[in-house]
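Notes follow once the structure below has been shown.
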Amino acid sequence: MEKSSLRMTGGPRDTPVNSSPAVAANAEGEEIEVLESTDVLPVAPEDQWKSLFDKYDPDNSGFISTERFRDLLATHGSELDPHKLEVLLALADGNADGKICYQDFVNLMSNKRSNSFRRAILQGSRQIKGCSLRDEVGLGLSQQLVRHIAYETLPREVDRKWYFDSYTYCPPPWLILAITIAEVAVFMYYGFQLDRLVLQVSSPSFLKSPLPYHPQLRAQAWRYLSYIFMHTGIEHLSLNMAMQLLVGVPLEMVHGALRIGLVYVCGVLAGSLAVSVTDMTAPVVGSSGGVYALVSAHLANVVMNWSGMKCQFKLFRMAMALVCMSVEFGRAVWLRFYPPAFPPCPNPSFVAHLGGVVVGLTLGVVVLQNYEQKLQEQSLFWIFFCVYTLFVLSAVFWNIFAYSLLDVRLPPPP
């Protein structure tokens with residue numbers, strides 16, 4: 001059969017096969033996951049892989065040695081990335097005294113995720129020698145940015161290497177940027193309409209917008225999400241925007257728009273529903289629910305993987321994030337209990353912040369904890385997701401029945 005070219009590119013750059021690998025030691029007992037990527041060895045029919053396997057297994061033993069496996073890769077792959085190569089060769093080291101079996105060979109070549117594949121990696125070499133990603137030189141500005149983000153968000157060197165090799169800026173981190181631009185645009189529109197940028201909430205027309213959540217208008221379901229585009233003033237918008245961009249964009253670059261969007265939207269919805277249950281007469285504005293879900297999930301992930309996080313000044317950065325969150329939350333509490341400009345309608349509630357934090361510390365941590373491990377394969381994700389769904393359903397029934405049963409006196413509609 002013809003020799004097929006097994007080519008794997010390295011994301012930001014391609015590296016010859018004879019260059020030194022750069023993957024650091026992993027902690028003992030830490031599960032190593034080899035993940036799917038669109039930039040992988042090409043998939044071939046299984047009979048072709050069987051023919052190739054038989055060529056290196058003349059005795060039909062069902063195994064080939066590590067040396068022969070290396071020869072196979074050297075022969076059929078002209079530009080295999082050494083970083084990925086060293087991770088893949090751990091599979092050979094974990095099977096039958098340094099041999100790799102046929103099924104694991106097929107899984108490797110087709111880049112399938114399977115339990116046997118992950119077990120083989122887990123049982124294989126846990127210490128792949130070489131320099132760390134931080135020691136690589138000659139990187140361009142974009143590559144340095146990707147490396148910096150890898151160290152900011154991922155606790156394991158093997159994940160950092162895999163991310164660095166595979167990230168291509170396509171697609172770019174569009175979700176958080178799009179949300180931020182929309183928030184700024186809406187704020188500027190109402191700033192000119194209300195003729196004020198600071199403490200817009202004190203304007204009698206502020207809550208007349210179709211966007212903020214108001215307890216009298218809770219039947220308009222979109223308000224449980226659309227309230228994120230309204231802010232009480234430029235100081236409120238600035239703090240949320242700063243945390244949203246500084247934390248949300250790097251997380252989206254690593255985990256993708258789908259995961260980050262899930263955490264963000266769940267935080268936003270939990271925030272408004274938490275207000276409707278615990279602070280029943282107050283309106284809600286601002287993106288703090290989604291922002292606090294992302295920030296708290298990221299900070300919790302850093303704390304849980306403190307020894308593995310190699311980002312510089314991580315303690316200082318954590319302190320700054322906590323200071324920003326505390327200042328913004330303290331401002332929200334002060335505003336809530338400050339005499340409203342137009343009683344009997346109170347100022348916006350601060351409980352949405354707490355709803356976002358709870359989502360971040362539960363569902364958010366699970367989503368961010370395992371780099372690109374499929375969410376449907378994580379039992380803890382389904383536990384938290386079911387609890388979250390139960391909370392949402394309970395809050396919906398609360399909004400339907402509790403206000404009338406408790407005879408809550410609501411402020412007049414805006």
Side-chain angles (χ1 to χ4, degrees), residues 26-37 87 107 112-123 126 149-150 152-160 162-163 175-176 247-248 250-271 273-274 277 289-309 311 314 318 321 325 352-396:
N26 292 311
E28 186 63 31
E30 182 182 35
E31 181 177 359
I32 305 174
E33 295 140 3
V34 176
L35 306 166
E36 292 180 86
S37 173
V87 175
N107 288 340
K112 293 179 180 178
R113 286 173 56 92
S114 68
N115 291 331
S116 63
F117 190 42
R118 290 197 294 271
R119 279 198 302 269
I121 290 293
L122 176 62
Q123 295 165 0
R126 295 183 178 278
I149 290 174
E152 287 288 322
T153 56
L154 296 172
R156 298 187 302 174
E157 185 72 9
V158 64
D159 287 339
R160 290 191 283 259
W162 198 276
Y163 167 71
L175 178 63
I176 296 299
V247 176
L251 288 179
E252 185 181 348
M253 290 177 65
V254 172
H255 297 282
L258 182 61
R259 287 181 177 230
I260 297 307
L262 175 65
V263 176
Y264 191 89
V265 171
C266 287
V268 169
L269 183 57
L273 289 175
V277 172
V291 172
Y292 276 52
L294 291 179
V295 176
S296 59
H298 174 59
L299 293 182
N301 195 38
V302 172
V303 172
M304 292 169 60
N305 300 280
W306 187 261
S307 60
M309 301 300 293
C311 50
K314 58 185 178 183
M318 279 196 62
M325 293 176 69
H353 300 68
L354 304 179
V357 170
V358 172
V359 169
L361 295 179
T362 54
L363 189 64
V365 167
V366 177
V367 171
L368 302 185
Q369 195 169 24
N370 295 316
Y371 168 60
E372 284 199 0
Q373 182 184 354
K374 291 182 177 179
L375 294 178
Q376 61 266 30
E377 295 179 355
Q378 303 181 49
S379 58
L380 198 57
F381 167 78
W382 286 111
I383 293 174
F384 283 131
F385 188 78
C386 290
V387 171
Y388 177 82
T389 303
L390 182 62
F391 161 73
V392 171
L393 293 176
S394 301
V396 169

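All values below come from the heavy atoms of this structure, side chains included, with hydrogens, waters and symmetry mates left out.
- To the nearest 0.5 Å, atom CD1 of residue I383 and atom OG1 of residue T362 are 12.0 Å apart.
- In this structure, the separation between CG on L361 and CG on N301 is 11.5 Å, given to the nearest 0.5 Å.
- Ring-plane geometry between W382 and F385 is classed as perpendicular, the angle between the planes exceeding 60 degrees on a 0 to 90 degree scale with a lower cut at 30.
- F391 CZ to C386 SG: the interatomic distance, rounded to the nearest 0.5 Å, is 15.5 Å.
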**OP:** Test T153 against L251 for side-chain contact (heavy atoms from CB on, under 4.5 Å), laying out the working first.
**Re:** CA-CA 7 Å; T153 56; L251 288 179; 3.9 Å; yes
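- No donor-acceptor distance shorter than 3.5 angstrom exists from the side chain of R160 to the backbone of A150, with no hydrogens or angles considered.
- Minimum heavy-atom separation, G355 to A270: O-CB, 4.0 Å.
- When all heavy atoms of Y264 and V291 are compared, the closest pair comes out as CE1-N, 3.9 Å.
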Original post:
side-chain contact (heavy atoms from CB on, under 4.5 Å) between L368 and H255: does it pass, once the steps are laid out?
Top reply: CA-CA 7 Å; L368 302 185; H255 297 282; 3.6 Å; yes
**OP:** With side-chain contact (heavy atoms from CB on, under 4.5 Å) as the test, would you mind laying out the steps for I149 and Y163 before giving the verdict?
**Re:** CA-CA 10 Å; I149 290 174; Y163 167 71; 4.1 Å; yes
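- The line from CD of E252 to CZ of R259 is 13.0 Å long, rounded to the nearest 0.5 Å.
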Subject >> Pair M318-V303, side-chain contact (heavy atoms from CB on, under 4.5 Å): steps then yes or no >> reply: CA-CA 9 Å; M318 279 196 62; V303 172; 3.5 Å; yes
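- I260 CD1 to M253 CE: the interatomic distance, rounded to the nearest 0.5 Å, is 12.0 Å.
- The minimum heavy-atom distance between V357 and M325, with the atom names listed, is CG2-CE, 4.5 Å.
- Within 6.0 Å of CG on L380 lie more than 12 heavy atoms contributed by other residues, nucleotides or ligands.
- Between the side chain of Y388 and the backbone N or O of L363 there is no donor-acceptor pair closer than 3.5 Å.
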